[in-house]
Amino acid sequence: GLVAKNCVGLVYIVMEVLVVGIYMAEAAVRIYTYRSEFFLSRWHHFDLVIVITGVVDLILDFALDDVQWRLLLKLLRITRLARAIRLVAFFPELYRLIQLFACAMQALFWGSTLIV
C-alpha cells in the first residue's frame, strides 16, 4: 500500500533526476565540443531550452509543494516530449510511420463511434 506508493514515488524522482542529469551532461558536452558554433544552430537552442526547462521543473518540483503550481510543472514536463519531435525531422520514415499511426487511430475512433 503506502510503502509501495512511496517506493514508486522515490523511483520516479531518482529517474527524473537521472534523465535531467544526462540531458545536462549532453548539453555541456555539446557546448564544449562546438564552442561558439553551438549557439549558431537553432536545434541546439531548442535542446538547450528543453534542458533548462527540465532543470527548472526539477527545482520547482522540490521547492514548491503547492497544488496550484502542479499545472505549470506538468507543462514544463511536456516540453521534454518536444525533444522526441526533433527526431522526426531527421528520419522521414519515422514521420511517415507517425502519419500512418494517426490515420489508423482516426479510423479506429470512427469505427468505435459507429459501433456504439
Side-chain angles (χ1 to χ4, degrees):
L2 186 59
V3 173
K5 192 174 188 179
N6 288 338
C7 184
V8 170
L10 180 63
V11 169
Y12 174 76
I13 290 170
V14 169
M15 292 297 292
E16 187 174 9
V17 169
L18 185 67
V19 168
V20 170
I22 290 170
Y23 283 174
M24 287 174 50
E26 179 190 7
V29 167
R30 282 187 183 189
I31 290 172
Y32 178 76
T33 303
Y34 291 111
R35 292 192 168 58
S36 62
E37 291 179 22
F38 177 85
F39 299 101
L40 300 176
S41 170
R42 293 194 188 269
W43 285 118
H44 291 163
H45 291 162
F46 183 68
D47 281 343
L48 194 59
V49 166
I50 291 171
V51 170
I52 290 170
T53 56
V55 171
V56 169
D57 173 39
L58 204 57
I59 291 169
L60 289 177
D61 199 16
F62 285 118
L64 302 174
D65 204 22
D66 194 7
V67 178
Q68 293 175 348
W69 291 99
R70 293 292 172 197
L71 179 61
L72 175 65
L73 293 176
K74 287 180 184 180
L75 290 174
L76 288 174
R77 288 182 182 127
I78 289 173
T79 61
R80 289 191 221 160
L81 291 176
R83 190 173 187 138
I85 294 171
R86 180 178 172 205
L87 289 175
V88 175
F90 292 112
F91 299 107
E93 296 86 6
L94 181 59
Y95 177 70
R96 183 67 181 146
L97 182 67
I98 291 171
Q99 276 184 324
L100 293 172
F101 182 73
C103 289
M105 294 310 294
Q106 184 180 11
L108 282 171
F109 170 75
W110 288 113
S112 64
T113 302
L114 288 174
I115 291 173
V116 174

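Owing to the predicted nature of the structure, the values given are computational and were not obtained by experimental measurement. In what follows, residues are counted from 1 in the order of the sequence shown.
- Between T53 atom OG1 and L60 atom CG the span is 11.0 Å, to the nearest 0.5 Å.
- Side chains of F39 and H44 form no contact here, defined as non-hydrogen atoms less than 4.5 Å apart.
- Note on F91: it clusters hydrophobically with Y95, by side-chain heavy-atom contacts below 4.5 Å among ILVMFWY residues.
- When the side chains of ILVMFWY residues are joined at heavy-atom separations under 4.5 Å, either directly or via intervening members, I59 and V51 end up in a single hydrophobic cluster.
- Side-chain atoms of I98 and L94, non-hydrogen and from C-beta on, do get closer than 4.5 Å to each other.
- Each ring-ring contact (aromatic ring centres under 6.0 Å, His included) pair with one or both residues in residues 96-116, not counting sequence neighbours, would appear here, but there are none.
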Residues 11-31, side-chain donor-acceptor partners within the protein, below 3.5 Å, at least two apart:
{"residue": "Y12", "atom": "OH", "partner": "R77", "partner atom": "NE", "Å": "3.4"}
{"residue": "E16", "atom": "OE2", "partner": "R77", "partner atom": "NE", "Å": "3.4"}
{"residue": "E16", "atom": "OE2", "partner": "R80", "partner atom": "NH2", "Å": "3.1"}
{"residue": "E26", "atom": "OE1", "partner": "R83", "partner atom": "NH2", "Å": "2.3"}
{"residue": "E26", "atom": "OE2", "partner": "R30", "partner atom": "NH2", "Å": "3.1"}
{"residue": "E26", "atom": "OE2", "partner": "R83", "partner atom": "NH2", "Å": "3.0"}
{"residue": "R30", "atom": "NH1", "partner": "D47", "partner atom": "OD2", "Å": "2.6"}

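- Between atom CG of residue L48 and atom CZ of residue F46 there is a gap of 12.0 Å, rounded to the nearest 0.5 Å.
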